[in-house]
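The analysis underlying the following values was restricted to heavy atoms, covering all of them including side chains, and did not include hydrogens, waters or symmetry mates.
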Amino acid sequence: MPAYTELILDTQAFYQNFKLLDAMPVMPMIKANGYGVGALELACLFTSFGAPYLGVSYLHEAISLRQAGICLPILALSFLPHEAHLAVTHRITVAVDTLEKVMALNQAAQQPHPVHLKINSGLNRFGVATDRASLLLHAIQHAQHLFLEGIMTHLMGAKDPSLDAVTTKQLSVFDDFVKRLPHPPQWIHANASSSYNKFHSSVSNLARIGFGLFSPHSPVTLRTRVMGLQEVQPGEGVGYCSLPLQEPRKIAVLGLGYHDGWHPSYGPNTCVWIHGHYAPVIGQICMDFMMVDITDCVHPIKVGDWCEILGPHRSLESTACSLEINPRVLLTHLSSRIQRVWVHQECLQKTLEQEKQPTLI
Ligand SMILES: Cc1ncc(COP(=O)(O)O)c(C=O)c1O
């Protein structure tokens with residue numbers, strides 16, 4: 001099938017970003033289909049780079065990876081008690097924060113099954129408060145078929161400097177709790193991308209990194225084809241419910257719309273990079289298309305030409321910033337109609353050959 005829009009993923013950039021995170025082992029978080037780019041491909045990639053663990057949000061995300069042949073330990077952050085048998089059958093480690101979950105898992109398991117205890121240190125989304133966690137720890141230790149392999153917490157405001165005191169407090173609540181354990185588990189994890197280089201947890205030996213794997217080297221290029229060209233005369237508009245133009249404009253119609261995840265609200269502040277020129281979006285973003293003004297483009301533009309929406313000339317971070325949205329939102333909203341294209345760079349192969357034989361996808 002022809003692809004009119006491609007999300008090109010650079011494996012070398014992922015490799016470089018992963019290797020830069022060398023302060024402690026990293027559990028790549030590949031939830032939400034790997035932040036929209038492809039969970040299975042990222043799972044293969046990070047396995048070959050030497051990650052010790054993978055993390056996802058939901059149990060079914062972990063099961064899909066298992067069924068596709070991923071052998072690395074996988075932590076699912078959320079599950080419902082009635083799904084405990086699935087976690088056991090597919091050898092998925094789960095985070096637990098209630099007695100109900102602990103009991104359901106113990107009942108489903110035939111042999112020791114790993115769990116990570118989730119501490120609520122202030123995000124107030126999941127997790128058990130430290131003053132009630134001992135009860136749960138006791139239950140895990142006395143569960144015949146469970147063992148405590150990890151303990152974790154999640155920070156609420158590490159990316160916001162105005163919340164630094166809150167973050168420091170959260171980490172000290174967590175660290176103090178872990179320090180009091182007579183037998184700390186194998187994996188202790190609190191940090192994610194925003195806190196990895198900024199906040200220190202004295203007990204942690206693993207970091208759950210999601211979006212941090214997309215920088216500083218950007219692995220993401222989003223490009224789409226010119227699907228049509230128009231010359232619009234003064235007094236006419238461009239697109240739905242548009243105002244009349246004052247001057248004639250040349251318009252390129254691009255194969256990207258809100259069904260692809262390019263939200264109507266992105267229009268007014270966006271431009272695209274086409275043949276060495278930034279062309280502003282004009283008119284409303286439609287379901288399948290959007291229009292850009294190419295009047296000032298020096299080089300001729302033809303139907304079928306590629307144009308860059310995100311990439312070297314419009315980075316994900318800067319585009320998201322200009323749209324005043326979180327780059328994770330922009331990325332995870334890109335729909336399945338956009339073809340994911342994984343680029344295997346020669347130099348990545350060479351680097352990896354020297355260190356470790358990769359299983360590249
Ligand atoms: C519990 C948990 N840990 C880690 C992460 C990874 O976060 P980031 O993408 O900021 O690294 C997330 C993502 O939201 C999360 O929910």
Of all heavy-atom pairs between [X] and [Y], which one has the smallest distance, and what is that distance?
| X | Y | value |
| --- | --- | --- |
| Ile119 | Ala133 | CD1-CB, 3.7 Å |
| Leu330 | Leu310 | CD2-CD1, 3.9 Å |
| Ser193 | Arg328 | CB-NH2, 4.4 Å |
| Leu213 | Pro28 | CD1-CB, 3.7 Å |
| Pro280 | Tyr278 | CD-O, 3.8 Å |
| Ile274 | Cys307 | CD1-CB, 3.6 Å |

Please give the remaining members of the hydrophobic cluster of Leu245, linking ILVMFWY side chains under 4.5 Å, ordered by chain and number. Tyr4, Met227, Val232, Val238, Ile251, Val253, Ile282, Phe289, Met291
Between [X] (side chain only) and [Y] (backbone N and O only), is there a donor and an acceptor less than 3.5 Å apart?
| X | Y | value |
| --- | --- | --- |
| Asn106 | Val102 | no |
| Ser335 | His259 | yes |
| Thr332 | Tyr35 | no |
| Thr93 | Val115 | no |
| Thr5 | Ile338 | no |
| Thr319 | Leu316 | no |
| His189 | Val26 | no |
| Arg208 | Met29 | no |
| Gln284 | Gly239 | no |
| Asn120 | Ala129 | no |

Report yes if the distance between the aromatic ring centroids of Phe49 and Phe46 is under 6.0 Å, otherwise no. yes
I want to know whether Phe211 and Phe214 have ring centres closer than 6.0 Å. yes
Can you tell if the side chain of [X] reaches within under 4.5 Å of the side chain of [Y], non-hydrogen atoms only?
| X | Y | result |
| --- | --- | --- |
| His154 | Leu77 | no |
| Phe147 | Pro114 | yes |
| Leu45 | Tyr15 | no |
| Ile309 | Leu254 | yes |
| His90 | Gln67 | yes |
| Pro312 | Thr221 | yes |
| Leu9 | Glu41 | no |
| Trp306 | Val226 | no |

Could you go through Glu149 and His116, starting from their C-alpha distance and side-chain angles, then the distance that decides it, and tell me whether this counts as side chain to side chain donor-acceptor pair (under 3.5 Å)? CA-CA 6 Å; Glu149 189 203 54; His116 288 208; 2.6 Å; yes
Above 12 or not: heavy atoms from other molecules or residues under 6.0 Å from [atom1] of [X]?
| X | atom1 | value |
| --- | --- | --- |
| Lys169 | NZ | no |
| Gln186 | CD | yes |
| Leu135 | CG | no |
| His145 | NE2 | yes |

What's the separation between atom [atom1] in [X] and atom [atom2] in [Y], rounded to the nearest 0.5 Å?
| X | Y | atom1 | atom2 | result |
| --- | --- | --- | --- | --- |
| Leu7 | Leu334 | CG | CG | 6.0 Å |
| Leu123 | Thr153 | CG | OG1 | 8.0 Å |
| Gln12 | Asn17 | CD | CG | 10.5 Å |
| Leu40 | Arg340 | CG | CZ | 13.5 Å |
| Asn326 | Cys321 | CG | SG | 11.0 Å |
| Met152 | Ser121 | CE | OG | 10.0 Å |

ILVMFWY network linking [X] to [Y], side-chain heavy atoms under 4.5 angstrom:
| X | Y | value |
| --- | --- | --- |
| Leu21 | Met27 | yes |
| Leu222 | Leu42 | yes |
| Leu54 | Tyr58 | no |
| Leu65 | Tyr53 | yes |
| Phe174 | Met156 | no |

Residues Glu247, Thr295; criterion side chain to side chain contact (heavy atoms under 4.5 Å, CB included); working and verdict: CA-CA 10 Å; Glu247 294 167 2; Thr295 315; over 6 Å; no
Given side chain to side chain contact (heavy atoms under 4.5 Å, CB included), test Leu75 with Trp187 step by step and report yes or no. CA-CA 11 Å; Leu75 173 67; Trp187 296 114; over 6 Å; no
Would Lys101 and Asp97 pass as an ion pair if we require N to O under 4.0 Å? yes
What's the verdict on side chain to side chain contact (heavy atoms under 4.5 Å, CB included) for Arg314 and Thr270, showing C-alpha distance, side-chain angles and the deciding distance? CA-CA 10 Å; Arg314 287 248 340 140; Thr270 322; 3.8 Å; yes
Applying side chain to side chain contact (heavy atoms under 4.5 Å, CB included) to His299 and His277, what does each step give before you reach the verdict? CA-CA 9 Å; His299 299 289; His277 177 87; over 6 Å; no
